[in-house]
Amino acid sequence: MSITRRNARRSVRILGVASASVALVLGVTNTALACNIREFSAEATCDGSKGAIVVTDKDPSGTPATITVFLENNGADAKQVGEPQEIKGSKKGTTVSFSEDWKPNATYRVHVKAGNQVDEDITPNVTTPSTACKTEDTPTPTPSATPSPSKPESTPPTSETPTPSGSESTSTAPAETSSNAPSPAAGDSNLAETGANSNTGLIAGVAGALVVVGGGAVFFGMRRRGSKSGS
């Protein structure tokens with residue numbers, strides 16, 4: 001009986017040690033898989049001219065967590081940056097970004113709330129670089145070249161008027177030049193038509209001569225009569 005009891009006690013002790021070992025292993029495992037504030041980190045970054053506060057969660061258990069960011073001023077919260085964001089960590093790391101036009105040497109407080117496991121700030125607080133994000137250079141538009149006025153189309157050379165040949169100039173009758181002589185009277189034209197115009201000048205000349213001769217004869221005759229009567 002005594003041997004049987006001893007064996008039983010030994011078995012119980014062995015089982016107790018084994019159970020304790022298993023419990024210890026499980027406790028260590030659960031602690032390793034539990035969400036921990038040390039698995040969170042934060043930094044101020046730049047994306048071109050835009051600033052941001054980026055939080056990284058490397059919790060392998062993937063425990064959902066809520067991240068809230070505050071701008072600090074003399075140890076107090078000056079403002080909340082954006083809205084709280086949810087994150088589920090991974091062994092490689094999961095990130096969330098808070099857009100913020102941060103100033104150089106500014107301080108931000110990042111708070112993590114993961115169920116009933118974590119409810120504290122990431123330490124130390126995030127301090128931004130001493131140089132602000134670079135402003136993207138706006139490309140200056142290249143002034144468009146002023147189009148030069150188009151040259152007017154060259155007018156075809158005016159064809160010279162061909163000089164008429166000698167035969168054409170001789171064959172063409174010269175234009176009649178208007179005469180300044182008065183046009184003959186209607187009576188003269190009638191006489192010309194009847195044929196009397198050719199002798200009228202001669203008859204008038206003869207008549208005039210006869211008048212002169214007759215006048216002279218009368219003058220000499222009267223002079224003779226006067227001289228006879230006086231003697």
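Note that the structure is predicted; figures quoted are calculated from it, not measured.
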Practice item. Run the numbers on Ile87 and Gln85 for side chain to side chain contact (heavy atoms under 4.5 Å, CB included), then give the verdict. Key: CA-CA 7 Å; Ile87 187 173; Gln85 296 191 43; over 6 Å; no

Just how far is it from atom [atom1] of [X] to atom [atom2] of [Y], taken to the nearest 0.5 Å?
| X | Y | atom1 | atom2 | answer |
| --- | --- | --- | --- | --- |
| Asp57 | Thr63 | CG | OG1 | 8.5 Å |
| Ser97 | Lys50 | OG | NZ | 11.0 Å |
| Tyr108 | Asn125 | OH | CG | 12.0 Å |
| Ser99 | Asp101 | OG | CG | 10.0 Å |
| Cys133 | Lys103 | SG | NZ | 10.0 Å |

Minimum side-chain heavy-atom gap [X]-[Y] below 4.5 Å:
| X | Y | result |
| --- | --- | --- |
| Trp102 | Val81 | no |
| Ile37 | Ile122 | yes |
| Lys58 | Ser41 | no |

Check your understanding: Are any side-chain N or O atoms of Gln117 and backbone N or O atoms of Ala114, one a donor and one an acceptor, separated by less than 3.5 Å?
Key -> no

Check your understanding: For Ala106, does its backbone N or O pair with a side-chain atom of Thr128 as donor and acceptor, under 3.5 Å?
Key -> yes

Practice item. Tell me, please, which residues at least two apart from Pro104 pass side chain to side chain contact (heavy atoms under 4.5 Å, CB included). Key: Ala132

Study note, to complete from the structure: Thr127 meets the side-chain hydrogen bond (donor to acceptor under 3.5 Å, both in side chains) criterion, sequence neighbours left out, with none

Practice item. Name all residues meeting the side-chain hydrogen bond (donor to acceptor under 3.5 Å, both in side chains) criterion together with Lys79; count only those two or more places apart in sequence or in a different chain, and write none if there are none. Key: Glu100

Practice item. May I have all residue pairs that pass salt bridge (Lys or Arg N to Asp or Glu O under 4.0 Å) and include part of residues 110-122, sequence neighbours excluded? Key: Arg109-Asp121

Practice item. Mind jotting down which residue pairs meet the salt bridge (Lys or Arg N to Asp or Glu O under 4.0 Å) criterion with at least one end in residues 209-222? Sequence neighbours excluded, please. Key: none

Name the atoms and distances for all side-chain donor-acceptor pairs under 3.5 Å in residues 64-73, with sequence neighbours left out.
{"from": "Thr66", "atom 1": "OG1", "to": "Glu86", "atom 2": "OE1", "distance (Å)": "3.1"}
{"from": "Thr66", "atom 1": "OG1", "to": "Glu86", "atom 2": "OE2", "distance (Å)": "2.8"}

